[in-house]
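Since the structure comes first, as structure tokens, the remarks are kept for the end.
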Amino acid sequence: MSRISLAKYPFLRQDFAASLVVFLVALPLCVGVAVASGVPAELGLITGIVGGIVAGLLPGSSLQVSGPAAGLTVLVYEAVDSYGLPALGVIVLAAGLLQLAMGALKLGRWFRAISLSVVEGMLAGIGLVIIAGQLYAAAGLDAPASGLGKIAGLPGAAADAFGSTEALVSLAVGAGTVAVLVGWQKLPRRVRTVPGALAAVVLATLAVLAFSLPVATVEVNGLFDSIQPPGADAFGELASVGIIGTIIAFTLIASAESLFSAAAVDRLHDGPRTQYNKELMAQGAGNAVCGVLGALPMTAVIVRSSANVHAGARTKASRVLHGVWLLLFAALLPAALAYIPLPALAGILVHAGWKLIPFRGITALWRAHRGEALILIVTAGSIVAVNMFEGVLIGLALSVVKTAWEASHLKTEIVDKGAGPIQVYLSGNATFLRLPKILDSLEALPADRPIELDLSGLHHLDHACRTALENWAERHSATGTDPVKVTERAPEKTPEQTPEKASEKVTERAG
């Protein structure tokens with residue numbers, strides 16, 4: 001029997017070992033993301049379970065692992081704070097159904113067309129808000145609601161913390177957690193088989209218990225008590241414009257993060273490539289289930305996915321099994337959550353937020369493409385200053401404007417030898433965006449001199465520009481000078497129009 005099983009599942013041993021590693025990585029992150037989102041810790045575990053079992057069984061990406069993500073923490077917190085916990089299930093359910101529809105319409109690959117600078121700016125903005133908010137949580141203080149308020153209030157919070165022994169102890173636990181996470185990467189490989197996040201939480205928990213430190217711990221409600229399917233009243237909230245905007249934000253951000261993660265994971269292994277439309281539907285199915293259960297939204301998470309690949313996973317069995325281990329933990333050992341110190345989870349989120357900010361990437365981008373770097377910085381700043389949804393829209397709008405500006409790049413060269421016609425050379429892309437500049441240059445030319453207008457260097461000449469140039473040429477020619485001579489690029493011949501191809505066709509027909 002065992003021989004048949006091994007023949008049927010040749011990679012079961014590797015996938016089993018990888019699933020345990022991913023489970024140990026996911027456990028503290030599920031709890032930490034839930035607490036930072038302002039919802040019961042068990043809801044983070046439920047999303048991790050659904051991400052492993054439901055999304056894990058569906059086709060799309062074989063090695064990508066899904067669950068609650070730090071990248072949605074800010075948006076979830078704002079949604080729960082504005083509309084209440086019961087509305088969260090409706091928002092997540094609607095977002096999941098939208099993802100299913102987009103996957104069915106084969107829109108998955110279009111998410112890869114989103115400017116990378118906007119995505120990195122989004123993650124950087126989220127990282128800044130997470131860091132600022134979790135610094136308050138690490139000290140056991142209440143954080144202001146807005147991103148700017150969180151950052152502006154840090155000096156006052158630091159003064160309050162240094163005046164309180166309990167706050168200093170709480171901060172010490174959070175700082176110790178971050179120190180363990182940073183230092184863990186420098187330890188021998190054998191030690192690092194235990195994920196750093198799990199080691200940091202366990203060490204912080206043991207320190208709090210051993211020294212009886214006055215530190216707040218996770219509040220445990222019980223797995224089934226935490227499940228709150230949305231009721232009829234919650235569905236009535238769908239008439240709200242704010243709810244609709246939040247649903248769109250959840251859908252776009254979760255989809256983009258998942259599919260960008262899939263592209264990154266594909267570069268880590270040589271196995272089957274991601275089928276983006278099917279992966280989008282898998283994410284949608286998982287979010288729909290999470291919504292029905294009233295849990296957190298789900299995305300593919302690069303931290304867990306890379307851990308899965310590096311642990312030797314070969315098939316989707318590893319991610320499904322990791323969901324099973326989360327389910328067993330939530331069902332059999334929920335009381336263990338009550339021993340986890342909140343500042344330790346805050347430390348994990350501070351570390352996660354720091355990794356969302358591409359410090360090296362911004363520097364390199366500024367040197368090579370300052371426009372893209374500016375989009376990244378403005379997107380991040382807008383998310384901090386306004387909110388997640390509007391910040392991303394600002395970034396996308398900037399990206400579109402930059403692309404339109406670059407697409408309309410035009411060079412105008414005027415050659416006047418003193419005698420004979422004035423020669424005007426236009427090269428690049430002549431669009432309506434550059435039309436005022438073109439007309440200013442042409443209308444500044446002497447009205448009593450013949451003009452030769454060379455358009456052969458243009459890659460594109462839109463209708464507005466062509467019409468304006470024809471009207472200008474008529475006006476200039478009406479002054480009594482020679483008609484404006486216009487030279488345009490000859491239309492490119494297709495392969496069938498070349499003499500060689502024509503002779504081949506004649507030969508074929510003769511044969």
Side-chain angles (χ1 to χ4, degrees), residues 2-33 44-70 189-190 192-199 257-276 278-287 289-290 295-296 298-333 352:
S2 61
R3 289 182 180 178
I4 296 174
S5 299
L6 288 175
K8 193 173 181 180
Y9 305 103
F11 305 115
L12 184 60
R13 184 174 299 172
Q14 296 96 316
D15 289 332
F16 181 85
S19 71
L20 292 174
V21 173
V22 179
F23 160 69
L24 295 176
V25 170
L27 179 60
L29 289 174
C30 287
V31 177
V33 169
L45 291 175
I46 291 170
T47 300
I49 293 165
V50 173
I53 298 176
V54 176
L57 285 171
L58 294 174
S61 176
S62 59
L63 299 182
Q64 184 162 250
V65 183
S66 301
R189 182 175 294 181
R190 289 184 180 180
R192 284 188 282 119
T193 54
V194 177
L198 181 68
E257 190 170 341
S258 295
L259 297 182
F260 271 99
S261 172
V265 172
D266 279 351
R267 291 194 291 268
L268 298 177
H269 66 88
D270 298 324
R273 304 293 91 181
T274 297
Q275 301 175 61
Y276 288 92
K278 290 183 178 180
E279 178 62 19
L280 187 56
M281 294 187 74
Q283 296 294 323
N287 274 318
V289 174
C290 287
L296 290 172
M298 179 191 81
T299 73
V301 187
I302 188 63
V303 175
R304 288 167 226 179
S305 302
S306 59
N308 189 39
V309 174
H310 293 146
R314 303 295 294 275
T315 71
K316 66 174 63 177
S318 60
R319 61 185 189 177
V320 176
L321 285 173
H322 119 275
V324 173
W325 308 143
L326 285 174
L327 176 61
L328 291 176
F329 176 88
L332 302 178
L333 299 170

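Just so it is clear, the model here is predicted, and its values are computed rather than measured. Note that the numbering runs from 1 along the sequence shown for the chain.
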(Q) Could you tell me if the side chain of Ile53 sits less than 4.5 Å from the side chain of Val324, heavy atoms only? (A) yes
**Q.** Derivation and outcome, side-chain contact (heavy atoms from CB on, under 4.5 Å), residues Leu198 and Val25
**A.** CA-CA 6 Å; Leu198 181 68; Val25 170; over 6 Å; no
Q. Can you name the residues that form a side-chain hydrogen bond (donor to acceptor under 3.5 Å, both in side chains) with Ser318, not counting sequence neighbours?
A. Asn308
(Q) Looking at every non-hydrogen atom in both residues, tell me the closest pair between Cys290 and Met298 and how far apart they are. (A) SG-CB, 4.4 Å
Q: Determine which pairs satisfy side-chain hydrogen bond (donor to acceptor under 3.5 Å, both in side chains) with at least one residue from residues 319-331, sequence neighbours left out, and list them in order.
A: Ser19-Trp325
Q) Which distance, rounded to the nearest 0.5 Å, do you find between the CG of Leu29 and the CG of Leu24? A) 11.5 Å
Q: State, to 0.1 Å, how close Glu257 and Ala69 come at their nearest heavy-atom pair, and which atoms those are.
A: OE2-CB, 3.8 Å
Q. What are the two closest heavy atoms between Leu63 and Arg314, and how far apart are they?
A. CD2-C, 3.8 Å
Q: With sequence neighbours left out, write down each residue that passes side-chain hydrogen bond (donor to acceptor under 3.5 Å, both in side chains) with Ser66, or none if nothing qualifies.
A: Gln283
Q) Taking Ser258 for the side chain and Ala300 for the main chain, is one N or O donor matched with an acceptor at less than 3.5 Å? A) yes
Q: Please list, chain by chain and in numerical order, all residues satisfying side-chain contact (heavy atoms from CB on, under 4.5 Å) with Val320, sequence neighbours excluded.
A: Leu57
**Q.** Pairwise side-chain contact, Arg304 with Ser261, heavy-atom cut-off 4.5 Å (strictly under)
**A.** no
Q: Heavy atoms only: give me the nearest Ala295-Ile46 pair and the separation to one decimal.
A: CB-CG2, 3.8 Å
Q: Could you tell me the separation between the NZ atom of Lys316 and the CD atom of Gln64, rounded to the nearest 0.5 Å?
A: 12.5 Å
Q: Report the residues that fulfil side-chain contact (heavy atoms from CB on, under 4.5 Å) with Ala317, sequence neighbours left out, ordered by chain and then residue number.
A: Asp15, Thr315
Q: For Thr274, check side-chain contact (heavy atoms from CB on, under 4.5 Å) against everything at least two apart and list the hits.
A: Ser61, Ala262, Asp266, Tyr276, Glu279
Q.
I need the minimum non-hydrogen distance between Ser305 and Val265, along with the two atoms involved.
A. CB-CG2, 3.4 Å
(Q) Restricting to non-hydrogen atoms, name the atom on Gly312 and the atom on Ala18 that form the minimum distance, rounded to 0.1 Å. (A) C-CB, 4.5 Å
Q.
If you define the side chain from C-beta out and look only at heavy atoms, does anything of Leu27 sit under 4.5 Å from Leu326?
A. yes
